[in-house]
Amino acid sequence: MSARIVVSGTDTDVGKTVFSAALAGALDGYYWKPIQSGLDEETDSQTVLRLSGLAPERVLPEAYRLRTPASPHFAAELDGVTIEHRTLEVPSADRPLVIEGAGGLLVPLTRSVTYLDLMARWRLPVVLCARTALGTINHSLLSIEALRARDVTILGVSFIGEENVETERIIIDMGKVKRLGRLGYVMPLTAATLRKAFADGFDIGDFVKERAR
């Protein structure tokens, strides 16, 4: 079976969509965002299509497209939509599949179910995207503990931002996880510059070998 990887973040706006685009492109695979909240600006799927180099059919359609840029549970209520989380199953794919969550692990899909509940049911390995900025140590270690508490495999942490050696080291050492690499801020941000930045910062082999929990 081709690799299937969930990309989550320690918080919202950490850069996991750009990272997902880079990873999906490097794997020459597919991308799927199960739930999109907010349609007025470029959606995450559109961003990935623009930056990944993937053909349009490799960016799979969202299961839910919600108008308001808010937590999925609230955006769905505003739209009069019920998110049937039990029907959210991982699509079949003949190539690696990158699945991007929304915000952090405990973002609610409904008033009783979080993204972490979905990840625990899927039982797929997770890449945790973390900023290198101030505050990331606490958010990262809490996220690692939450994943382990639900017996979710952690492939490792992908840092995003300017180099911060001590912050990265303490998260890896205390969290006992693998440092997958760091994606710096890419300017200008294009498919070509992102592809090079990912190749410079990561070993693609790390994403197709399952790690210990």
(message) Does D40 have more than 12 heavy atoms from other residues, nucleotides or ligands lying within 6.0 Å of its CG?
(response) no
(message) Tell me whether the count of non-hydrogen atoms from other residues, nucleotides or ligands lying under 6.0 Å of CD in E166 goes above 12.
(response) yes
About how many Å separate [atom2] of [Y] and [atom1] of [X], when rounded to the nearest 0.5 Å?
X    : Y   : atom1 : atom2 : result
L97  : S92 : CG    : OG    : 9.5 Å
F159 : T10 : CZ    : OG1   : 9.5 Å
E77  : S71 : CD    : OG    : 9.0 Å
R58  : L27 : CZ    : CG    : 10.5 Å
S37  : R67 : OG    : CZ    : 12.0 Å
L23  : S52 : CG    : OG    : 10.5 Å

(message) Is the terminal nitrogen or CZ of R95 (NZ for Lys, CZ for Arg) located under 6.0 angstrom from the six-membered ring centre of Y30 and within 45° of that ring's axis?
(response) no
(request) Compute whether any side-chain donor of one residue and acceptor of the other, for T193 and T190, lie under 3.5 angstrom apart. (result) yes
(message) Among D79, I83, T82, exactly one meets side chain to side chain contact (heavy atoms under 4.5 Å, CB included) together with Y64. Which residue is that?
(response) I83
(message) Strictly distance-based, threshold 3.5 Å: is any side-chain N or O of W32 a donor or acceptor partner for the main-chain N or O of P61?
(response) yes
(message) Applying salt bridge (Lys or Arg N to Asp or Glu O under 4.0 Å) to R50 and E42, what does each step give before you reach the verdict?
(response) CA-CA 10 Å; R50 177 169 57 85; E42 184 177 59; 2.9 Å; yes
